[in-house]
Amino acid sequence: MGKYIVKRILITIPVLLMVTVFCFIIVNLAPGDPTDLYISENATEQQIAQMRASLGLDQPFPVQYFKWLLNLIQGNLGFSFASRMPVVDVLPSKIWATVTLMFSTLVVSYLIAIPLGIISARKQNGFVDNMITGVSFLGISIPNFFFGLALIYIFGLQLGILPTGGMETLGGNGGWLDRIQHLVLPTIVLAAFYCSNMIRYVRASMIDIFSENYMRTATAKGLKEKLILWGHGVRNAWVPIITVISTDIPKMLGGAIVTEQIFQWPGIGQWMISAINARDYPVLMAINLIAAVSVLFFNLIADLLYAAVDPRIRY
Amino acid sequence: MERKSILSVKDLTISFNTFEGEVNAVRGVTFDLEEGETLALVGESGSGKSVSTKAITQLLPKRNTTISKGEIWYHDQDLLKTSSKDMKKIRGKDIAMIFQDPMTSLNPTLTVGRQIAEPLIEHQAMSKQAAKTEAISLMKKVGIIGAEQRFQQYPHQFSGGMRQRVMIAIALACHPKILIADEPTTALDVTIQAQIIDLLKELQAEFDTSTIFITHDLGVVANIADRVAVMYAGRIVEIGTVDEIFYNPKHPYTWGLLASMPTMKMEREDLYTIPGSPPNLLNVPTGDPFASRNMYALEIDFQEEPQMFKVSDTHYAATWLLHPNAPEIEVPDEIKRRNERFATILATKGE
Amino acid sequence: MNKNPIMQIKNLKKTYNPEKDNEVRAVDNISFDIYEGETFGLVGESGSGKSTTGKLLMKLEDMTDGQVIFLGESIQNKRSRQDLLAFRKNIQMIFQDPYASLNPKMTVKDIIGGPLEVHKLVSSRKERDEMVYNLLEQVGLSKSFANRYPKEFSGGQCQRIGIARALALKPKFIVADEAISALDVSIQAQIVNLMRQLKQEGNLTYLFIAHDLSMVKYISDRIAVMNRGKILELATSDDIYHVPLHPYTESLLSAIPEPDPESERNRQRMAYDESKFTYDQDDPHIGLFEITDKHFVYCHKDEVEGYKQKAERLKQAIIV
Amino acid sequence: MEEQLKFNPVSQKKIIEMEQLSQIQGISQNDDSYTKTIIKRFLKDKIATVSLIVFVLLTLIAIFAPVLAPYNPNQTVGFFEDAPSSEFLLGTDEVGRDVLSRLIYGARVSLTVGVLSVAIYAVIGTTLGLLSGFLGGFWDSAIMRLTEVFMAFPYFMVILVIVSLIGPSIWTVTFVIGILGWPMLCRLVRGEVMKVKKADYVQAAISSGYHTFQIAFKHIFPNVLTLILVNMTFGIATSIITEASLSFLGVGVQPPTASWGNMMSNAQSLTVLANQYWRWLPAGLMVLISVLSVNFLGDGLRRAIDGEVK
Amino acid sequence: MVSFKKLALLIMILFGMVFFLVACGGGSDDTEATGDNDGEGEEFAPDGDEDDTLYVGLTNAPGGFNPLNAPDTVAQWILRMLYPTLLEQPESLTFEGNLAESFETEDNQNFTVTLRSGAEWSDGEPITADDVAYTLELIANPDVETTWGVNISSLEGLQSTGKWEDGADGVAGVEVIDEQTLILTTKTPVDPNYIKEMIGFNVYIAPKHIAEQYEPAELANSEFATTPSVSGSIYQFVEYETDSYVQLEANPTYYKGEAQLKNVYLRVVNGTNLVTELQSGGVDMAAGGGIGVVPVTEVDTLANDDNLDFESYPGFATQFMFINNEEFDADVRLAMMYAIDREAIVEQLFRGNAEILNSTYTSASVYFDPDVEAIPHDVDRARELLEESGFDSSQEIELTVPTGNRAREQSASLIQQNLEEAGFNVTQVTFDFVTALANVREGNYQIGLIGIPLTSDPDQTYLWSQSGTTNLARVNDDKIEALLEQGRTSTDMEERQEIYSELQEYWRDQAFSVGLYGDFQYKVQSKNLNGGIKEFWGGSLHDMHEWTKN
């Protein structure tokens, strides 16, 4: 087990390096000089050159990259071009915001999706199943910006019962009710997709499980339906469910970009958009690194969890 | 000796809806299971043997199955009309099942012990501890060595034969009146198969369980069965005691089956074969479905399906050859040989 | 019978995951010859390595060690496309699962005719189709089947198609890997008869791999019994049945159910205690020893005498 | 006497004839090829059929946009922000262009992006997946590492950066979605190929002497094709939404070219959202309808292939 | 049943975790500032006296808080709340004392600055002439990264970049007389308004005792630049949540008196959200001035909102269609000018909330000459000119359009149509702003839309001179060079006005580019707010300490 984890992490390192190299190339290939953004129209050549030096842009790409890598090893992600703040200082609050949103979305989604997916599979092709499948299709088909704006308009402006943006009321006492109110709308928008997606996976894997021989055995034993369903059926659905969760989480950590943008949620996604617009390379590299690490990390977690839910899998 | 019938299947007719149309899987199956006996259902794949028995415990998928006719009497209860709630109390307790594939029939995510203990907790209201003790003794009984340790293990840690033993332990946990064993040894190696069959016979005697044993292997049937029902294209074509079927078969299909098996003693002449393949049950041909493969076919075989003709009190066969008007025919050599052997056996027994 | 070996297998080894915790010696140093025109039966229970052996001979898997000489040439050295094609033309396979061995997305015509095109044995589509029709006829199928998909056929028909495909290249050697075990009894007999008939017509050599001893005995000239990657006994099929020397063979034979209630009632099963016949790998005195003429048993040199006596005893019993 | 005639034995020759007849009848029940069977099953599924019709209609609209559109979609033809009228059935936009015409031309963009981008990644993903699954060993792990690298990228960020690198246009968006979308499909195909590879018919193809590439593309590919097709339809739906989202963020298809996404991004303005429904609702509905239809199409296809009884 | 109990428990745990996550917030830092009644959890409305807190909506995030290096307008605006300037500018080119009591000259070359007495930094240190001199020296120090070099470049002893000559280590033109007095000397006489705006109004005075603690070269990337600890103006810095909000609180030592509104939150939101927040009361005012801009499409909605004050004024924001002078001669350029229907853009796209640029100044500038009339929309004239010029009109012309400004993107479509009507063959090419700007800067374009924020001072050498750093149109014209030179060196306002009038007329007739429009400043704020944006936006904050909320 421990050996396996170490091995997996060792495999991950070159992948991560490649990701950062690619990202560095892509970011640096972009035309236009970030300094253009940070100088006024009447700036002098000297001033531009000085800024380039200050941002470390005066050096060739490979040198920049290795400097970045060297700093990374020391836990330093550089400082933001735009705000001149050390990226590591800003990162925690952004991750926190995104994780909060992610957590509430995923919890809400899965609490709804797993039972619905199971019901849907049990009543396969019945009225209830058709309703659930139909709604879940709607959920994955509706563009989230469209849905988000509609919710803002209805709940934020027409009804005025929910805040339209941000993570908390500024200058408020930071009470939890206030934060939950701010969470409601973005959570609904994101959950619409994640929930629908999960319903489809749960439904499909439960349908497969229902046709398994061991389910027939369980029925032949004369067990109660609940025990057959939960004790024998759902137990075997954890592997596909974990797979979906382990891809969902990094997807959101990489930025629920549009939703964060619409609701002014001060998370990774919104930060990323402003970093892209500001050509804020260190921030972009940091976000990219976080996203890549989270993808690889959750892959690993998923693999370890497989072993926990399925006794056949051992490392 | 008249024995009491414990399960009685009457004119069972089942069809499935598929994309291609309606498949008539079982077409009027009738048989009785007597107390304490082992009835073997023999037939090739698709002959309806498995479907008939699944209907007994309502294990067929409800969505696309139509049971258009028939009754299944267990004591004074028609199992086809029993509510699914009541059925749960019968399954596992009165009627238990063992399935073909021990690899997939056990839940991979539950310990073997738990899977054996479950029906005990469910049907006999045992405490967890009591169920565990009982499960371990069952495991010992089915020949699992080191039962205490293996109780905690998962199915994938068991070999195929061991898993089938576990399945047997599960099935026999509540001392069922009827055991339905659906090809329990097909997926196993011969040596393991022999062990499992011996075990089943032993336990059956001990638990006094009536058994329906489904298989396509006539060798296994010869070993385990008291009576044999031969199925073809959704019907029983011949039924009788094991001696009657093996030494004095009357249906040409049974002849074909017996003759096409190479035996140790056989020399290298061509095997007797039944030509062609079983009919498509999507649209069953008129007349006897076996007619077109039947070397002894009569004109009537292509027009009318034969009813069961009585050979003896225990022996019936559905072939026009038994009709009084039917011509005398020459039976295959292998069958002649079997008839002779029977005579010898009877003679020795008579002594 | 012709006694030229068509295939010589020398110290064949196949090890999965070598030198790891989960090392499996699927085929463990086996040697035998298969003679031209014979049917060689390879029997064993699941996991005995019999199918792996078949795949090694077909070059569907790479051997770990040893040598296989087919038609006088070592098959390991066949690497170039040309060599491989020449090799494959002469050796074909019939598979266990009749459905799984036919590509569900190809018509019967393409399945049977494909190899002809690959080996450039036909020059036109028309010629190919003609040959496909002939082959279908040869295996007892109507040529109207040619444009259909495998799904539409019964298991027995599919197996016939599989045989037609194997025959298309007019090979000298056919490996039949459990070719009948997935079929119903009545169909098994059909296929076995067909194979025998084809063998007579086409001067074929079969390697018949199966777990079902009764069928193997019926079809084979010589039989090798495999267990745990090793050949334990090798003899003519009559000898295997009448003079089984190795206890494993005896236990296998005793386990076969016979369709005869009376003999079933009276039968005695022989248990096989594996631990008694497990030897030290490095002992130079371990191997296949010829006990009687062409009858080999895997044992220790010291046990040879015992087996000789046993053979004598059993032969006596037959004559009496 | 006649009764007795019935019991006359049938000649062996006739039995053989009858047997062959029954064999041929046995299979002639279903005279359809595999494709035809799937189509028949598909057509039994009402929702899927309706979706197919909708999708075909959308495609026709896209193809015949110049004929169908009443006005030039990029030309100011009326007052600005005019409500729907008999002259402009869906009103005009912020610079006086006909919304209906833009909607019709937008179908071109959305469907082009949807279909083309998926086509690009399907080609890449399928090829790599086939190679990876079939060749195994070094190539497999190399390709798998590559998919990991691609999957570890924050998808949207790379799109945003590349789009701004090449300059946003319908082709950039298509290209970028296409280039980045393949890893999931690649893995799917690889998994399926690994499964198929073990099948006896592939072993048979190897022993028949087929070349590795022939095996990969002639024998294995047709067997994973349906899976790919189903995945592609879902991919089209996702691509349409991605284009719309990119346009919403201002980096998608650029004005004056009309796409449903950039039309819908009008709804970013509350005034438009509240008072000028014609400027966002039709585009939003079109996205929803097209995505729904493609999704249902894919689902119907999957069901038809799996043979799931409806 | 057991499994259901477990499930219920699991659900409760999960919900509990959500609440925990949400309740704990992003760490402890954000609750510290307002932690006085944390205990009363049921209240979720802003605590304390709501009227004490001002919420300002920004559409751009500040690029740090470095008084020496603030290229972006947002940072400059916020810095004005944190650091003192010598002068205020309540109206364009009308200066009042701020930190300086007086700012006088007799020869337009030596300027005597007298600081007000008793001014203190928020940590109690006095604000003295040393601070001013030290700030100017830092700006002139070649090691220091600064945006104000050009502002002080007219001082004696400095190069045109504003850095001191090689070998020097101080600014010759700055002389500290005593704690409250210093004299600034320029190289040549200048218009006093020029020096008053460039140094008096624009340069923030940094606290010497804090700035001294850092190496000059590292100032720009230090805490000094990101989290200022000491303030000398109306507010002091509390925290900046990147791209989300800036929190300030009243500076009790502010020399004009402590601000009435004790807390300020400057929220960074996008245009749409700014509108929703204004309507829902989430922000009290939009910052305006190009950094808190409501989209033009929302203007009607806001103007009709009963709770909001809405006004619009001409400002200094402009949009030009730059024409690459190296590719198009004067006639073609003029044809373009005639072809574009700027009236339609202003009236229909902006609903009148913008003005046509007759030349290169907006009406907000005191140097704007209303007599120089804008060239009207005249397609026929445009065609005529095009024909006369002999320009190959079939040649495809690329119109570079940067993304990020919807009104500009929409106007691009109209411009393209207009130009095509006049016989040009135009295609739009769209780039993100940085790329577009980079292309245009390198001359890698034909025509392109770029917005330029103008200054109150009329000097536009950087835009239209060959030596200008932002000569996007690649203008190379002797007459304009001469006019720019004259304007720059003249020290008299009236004389300058004449020079710039001539420049405007010449510029219009030569059509070096097309001045599309100057979009108006909006003042959008809650009716509850007393104070807020002024007509001259840059000077809006001069009375911020007196703003109140009802």
Side-chain angles (χ1 to χ4, degrees), chain B residues 42-47 159-160 185 187-195 197-198 216-225 228 241-243 245-247 253 256-268 270-280 293 338 341-342 344-345 348-349, chain C residues 43-48 140 152-160 181-194 196-197 211-221 227 237-238 241-242 248 251-267 269-272:
Chain B
V42 189
E44 294 178 288
S45 43
S47 61
S159 68
T185 60
L188 304 174
D189 281 322
V190 266
T191 47
I192 311 292
Q193 168 174 297
Q195 291 167 14
I197 287 173
D198 290 347
H216 64 265
D217 188 335
L218 290 169
V220 174
V221 175
N223 186 321
I224 201 169
V228 181
T241 65
V242 68
D243 286 345
I245 297 294
F246 278 90
Y247 297 128
Y253 178 63
L257 282 184
L258 288 168
S260 60
M261 283 193 74
T263 57
M264 302 283 201
K265 284 134 203 132
M266 203 182 229
E267 285 315 314
R268 250 178 244 147
D270 264 8
L271 282 174
Y272 176 92
T273 60
I274 307 170
S277 25
N280 189 336
R293 299 175 74 191
R338 285 177 177 269
R341 179 162 163 74
F342 192 43
T344 341
I345 293 167
T348 32
K349 272 192 182 167
Chain C
V43 186
E45 294 185 291
S46 47
S48 61
E152 305 172 43
F153 299 105
S154 68
Q157 288 166 331
C158 283
Q159 199 60 304
R160 286 171 191 266
S181 48
L183 302 172
D184 281 318
V185 196
S186 66
I187 312 295
Q188 283 188 1
Q190 289 176 11
I191 298 297
V192 166
N193 281 342
L194 175 67
R196 286 166 58 99
Q197 178 201 330
H211 65 264
D212 180 353
L213 270 162
S214 48
M215 214 38 118
V216 173
K217 186 239 167 187
Y218 173 71
I219 196 172
S220 307
D221 300 311
N227 187 27
S237 65
D238 283 341
Y241 277 85
H242 301 300
Y248 179 69
S251 99
L252 264 187
L253 284 170
S254 78
I256 301 169
E258 272 200 86
D260 187 330
E262 193 56 26
S263 41
E264 282 297 304
R265 277 172 210 137
N266 302 325
R267 90 176 308 154
R269 296 204 199 285
M270 314 274 247
Y272 170 59

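Every heavy atom of this structure was used, including side-chain atoms; hydrogens, water molecules and symmetry mates were not. Just so it is clear, the structure is predicted and the values come from calculations on it, not from any experiment. Order of the sequence lines sets the chain letters (A, B, ...), proteins ahead of strands, with each chain counted from 1.
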Within this structure, what is the [atom1]-[atom2] distance for the pair [X] and [Y], rounded to the nearest 0.5 Å?
X: His211(C); Y: Gln193(B); atom1: NE2; atom2: CD; answer: 8.5 Å
X: Leu218(B); Y: Asp260(C); atom1: CG; atom2: CG; answer: 11.5 Å
X: Leu253(C); Y: Thr191(B); atom1: CG; atom2: OG1; answer: 11.5 Å

Practice prompt. Sort Val242(B) into side chain, backbone, both or neither according to what part of it lies under 4.5 angstrom from a heavy atom of chain C.
Written response: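 Val242(B) touches chain C through backbone and side-chain heavy atoms alike.
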
Worksheet item: Who pairs with Glu44(B) by side chain to side chain donor-acceptor pair (under 3.5 Å), at least two apart in sequence or on another chain?
Response: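 Listed in chain order: Tyr253(B), Ser186(C).
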
Discussion item. Applying side chain to side chain donor-acceptor pair (under 3.5 Å), can you list everything that pairs with Ser46(C), at least two apart in sequence or on another chain?
Written reply: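 Expected list: Asp189(B).
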
Worksheet item: In terms of heavy-atom pairs under 4.5 Å with chain C, which of Gly219(B), Ala225(B), Ala194(B) leads?
Response: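 Winner by heavy-atom pair count: Gly219(B).
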
Worksheet item: Between Pro257(C) and Asp217(B), which heavy-atom pair has the shortest distance, and what is it?
Response: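 Nearest heavy atoms, Pro257(C) then Asp217(B): CG-OD2, 4.2 Å.
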
Practice prompt. State, to 0.1 Å, how close Phe246(B) and Pro261(C) come at their nearest heavy-atom pair, and which atoms those are.
Written response: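 Taking every non-hydrogen atom into account, CB-CD, 3.4 Å.
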
